[in-house]
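Taking it in order: structure first as structure tokens, then the write-up.
Note that the coordinates shown come from a computational prediction; the quantities given were computed from them, not determined experimentally.
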Amino acid sequence: MPSRRHFIAGSAAAAGLAALPQLARPQGAAAAEPPAPAPNLVVVLADDLGYGDLGAYGQKLISTPRIDRLAAEGLRFTDAYSAAAVCAPSRAALLTGLHTGHAAVRANPSSGGQGSLGAGDTTFAEVLRARGYRTGLFGKWGFGPEAGDQPSHPGARGFEEFYGYIDHSHAHQYHPAYLWHNDAKETVPAGTFAPDAIAARALDFIDARAAGADPFLLFLAPNLPHAPSEVPDIGAYASQSWTQANKAHAAQISLLDAQVGAVVDRLEALGIAERTVVLIASDNGPHEEGGVNPDLFDANGPLRGYKRNLYEGGVRVPLIAWSPGRIAPGTTSARPTPLYDLLPTLAELAGGAPAPSDIDGLSAAPVLNGAPALAPVHGHLYWYRDEQGVTSRANTQDGGRAKQVAEAVRKDQWKAVRFAPARDRTVPDAQWRFELYNLTTDLAEKYDVAAANPSVVTSLTALLRSSWADTYTRRPWGLTAVADASAATLTTTVSNGTSRPWPDVRVTLPVPAGWTAAPVGATTAPSLAPGAALTTTWRVTAPGTAPALLVPQAATSSGLHFTAPTRHAPLPAPPAKDSYLSDLTWVSAANGWGPVELDRSNGKQPAGDGTPIAFGGVTYAKGLGVHAPSEIVYHLGGRGNRFTALVGIDDFSKKQSAAGATRATVRGDGRVLATTGVLTGASGPTALDVDVRGVKLLHLVVADANANSAFDHTSWAQARVTVL
């Protein structure tokens, strides 16, 4: 499987921006001004902060003086949009530059399974690290699984320092027992209020990076003011006649404001404010959970809807940009700016970081740089909603359709919202409930004018259909590495997924003492055109069977630097006696959602016992639990005789949902040895008895069988190999 992609942030990368080749000037010509250093970048993403929750956007009851000051001294967007009406898909889109018709995560976990990012989901942190930025994330990540060494971890997606919550539901705890620091859980003292601890770590990151030669990216993502309404001190709101939930909610927003102020104060104290760009936004509209009344605060301002609605109040959000000397004070922009514009915007601000060319976002950097006429404008904006959480106000706005799939599109002054009859977006267009609003004359979306504008309905329906892809295949980007223990090789691929050529590409593979790595094929290319790749296979030898972390590196003469740390393990010894697979060391294990389950602790312990599996009320020992797509590889070394197992969707998974459907395949050295029909909870397991004589590598593969992997947990019960 492709490895995680990381990027060098050391001395070579630090020189990246300054090392760009310079054109020779005519003899006697005046020396050109040196290029301006790349700015530090600070992105603050609030959680459920409404369009009207800040004083700069009309808030009257909640005090937000620090953010209001930044709006007065900088740029306020009036038409900025989250990419979704709930947080997980919104954050995935913001990180990757893809709208919710293309992004990897398109729904909250309530709609079926914790969403995750994959190895091909390039984030803005990865793009900036390739340009020499030091990157840190502090706060809510929101994608699973809750494990350290996996492709959806922040560290695998470009953040070299992380402190906060990985999992979506864990981020709902303001007084957690632990927080994650990079790849490890850290127990926090009892009573710790997580937003305070997270904000303190963010300030430490600024202190540590301020004097360095490299620019930095700080992504501060507190879970304020998400429900529940918990805060150490309700402060100035104690005397209000509001409910406790509303007082605490207001205090949460004021605390968020104070934390933003502390970041700005630290930038100013360190003398780096004028070479820093600060962006402040929210992931979706205001919530109404835990007894909070958003109408008391007019949290959506003049807009209709709340969190979970695709009306303007659910997706139009605050966006403020501040950078002394770069951004003119007191400016506003009405450019429709979705937060999936963030990736290309940061890339351009960073001096041309290598943004992928297959994203939906467009750079808003010219708006920040005082040349808004040069900023590209979207032909239309798209939103998708599949949300099974229901709140009363949002459901009322949706006409009782809160659990139905919905889509929205904005083109020019037109805004369309439509609802499918259930959760199937493939139903014919005539079965959708289509609404049309003219935002120029009806910002509050009170008057549905669909009937009077049939041609607009037709054209926007076509846009809605064309904006969705069941599977959005990404163009490869950056450096990847694949280790093949059976062949004793590691294959590196540098892929130019941008729109510009990469000059003078070179790849190296340092190895530990005692190891050797010899390339088969070219390790350099004079240029990589957009869409082109340089692939090199390395023959790797090791002094023993202990695995090692190999770190292939790639660089270009234009200052881009990439790494792809990859664990390379020489083949384990083949089984010497009849064995359950859960007692053997695997060659590799790739699982669609979390680690392969080996025991009752959900895969958190090493191999040794095997989790009990129940089919039809009968429990079997020594099992393996996976989630499609998955592949586990074992080294039999030609010693095996028979492989036997029961494979299917177990009783526990069947109780969660009847929607699971998978297909299992057993391969030996690339040959298909056995395959099942479609496995469901209703069908029961399939018994396998496979001849594996002569097989060196045994592959157990589980694939999704119904284009819905949310409930595809599958188990291999009593998976056992007998030897000759």
field: Cationic N near anionic O, under 4.0 Å, Lys696 to Asp669
entry: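 Here Lys696 does not pair with Asp669 in a salt bridge, since their nearest N and O are not under 4.0 Å apart.
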- prompt: Is any NZ, NE, NH1 or NH2 atom of the basic residue among Asp689 and Arg642 found under 4.0 Å from an Asp or Glu carboxylate oxygen of the other?
  reply: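 Salt bridge: yes.
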message: Is a donor from one side chain sitting under 3.5 angstrom from an acceptor on the other, for Trp180 and Asn182?
response: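 No.
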query: Side chains of Ser558 and Thr556: is there a donor and an acceptor less than 3.5 Å apart?
result: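 Yes - a donor-acceptor pair under 3.5 Å links their side chains.
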[Y] side chain reached by [X] side chain, heavy atoms, under 4.5 Å:
X      : Y      : result
Asn641 : Arg693 : yes
Val127 : Leu346 : no
Lys622 : Asp583 : yes
Leu571 : Leu697 : yes
Ser495 : Trp477 : no
Pro344 : Ile359 : yes
Arg720 : Asp578 : yes
Val520 : Thr489 : no

Test item: [X] side-chain N/O and [Y] main-chain N/O as donor-acceptor pair under 3.5 Å:
X      : Y      : value
Asn108 : Ala88  : yes
Arg131 : Gly351 : yes
Ser467 : Gly101 : no
Asp341 : Leu362 : yes
Thr536 : Ala522 : yes
Ser657 : Phe711 : no
Gln553 : Thr563 : no
Ser152 : Leu117 : yes
Thr498 : Asn496 : no
His170 : Tyr178 : yes

Distance check, rounded to the nearest 0.5 Å: [X] atom [atom1] versus [Y] atom [atom2]?
X      : Y      : atom1 : atom2 : answer
Gln150 : Ser116 : CD    : OG    : 7.5 Å
Tyr133 : Leu217 : OH    : CG    : 8.5 Å
Thr523 : Arg506 : OG1   : CZ    : 10.5 Å
Leu700 : Leu624 : CG    : CG    : 7.5 Å
Leu339 : Arg91  : CG    : CZ    : 10.5 Å
His99  : Tyr384 : NE2   : OH    : 13.5 Å

Determine the minimum heavy-atom distance between [X] and [Y], stating which atoms define it.
X      : Y      : result
Ala554 : Val494 : CB-CG2, 3.8 Å
Ile166 : Glu146 : CG2-CA, 4.1 Å
Arg567 : Leu549 : N-CD1, 3.9 Å
Ala221 : Leu137 : CB-CD1, 4.3 Å
Leu636 : Pro574 : O-CB, 3.3 Å
Ala83  : Ala93  : CB-CB, 3.2 Å

message: Distance to the ring centre below 6.0 angstrom and angle to the axis at most 45 degrees; does that hold for Arg106 and Trp468?
response: yes
task: Begin with the C-alpha distance, continue with both residues' side-chain angles, and end with the deciding distance and a verdict on side chain to side chain contact (heavy atoms under 4.5 Å, CB included) for Arg157 and Phe143.
output: CA-CA 11 Å; Arg157 303 271 57 84; Phe143 312 111; over 6 Å; no
field: Pair Phe219 and Phe124, ring centroids less than 6.0 Å apart
entry: yes
Geometric class of the His102/Tyr472 ring pair [parallel <30°, tilted 30-60°, perpendicular >60°]: parallel
task: Go through the steps for Phe643 and Val666 under the test side chain to side chain contact (heavy atoms under 4.5 Å, CB included), then give the verdict.
output: CA-CA 9 Å; Phe643 166 69; Val666 179; 4.0 Å; yes
- prompt: Would Tyr165 and Leu179 count as a side chain to side chain contact (heavy atoms under 4.5 Å, CB included) if you check the C-alpha gap in whole Å, the side-chain angles of each, and the deciding distance to 0.1 Å?
  reply: CA-CA 6 Å; Tyr165 307 92; Leu179 291 169; 3.7 Å; yes
task: Kindly indicate, with the supporting measurements, whether the criterion side chain to side chain contact (heavy atoms under 4.5 Å, CB included) is fulfilled by Leu550 and Val511.
output: CA-CA 6 Å; Leu550 304 184; Val511 293; 4.3 Å; yes
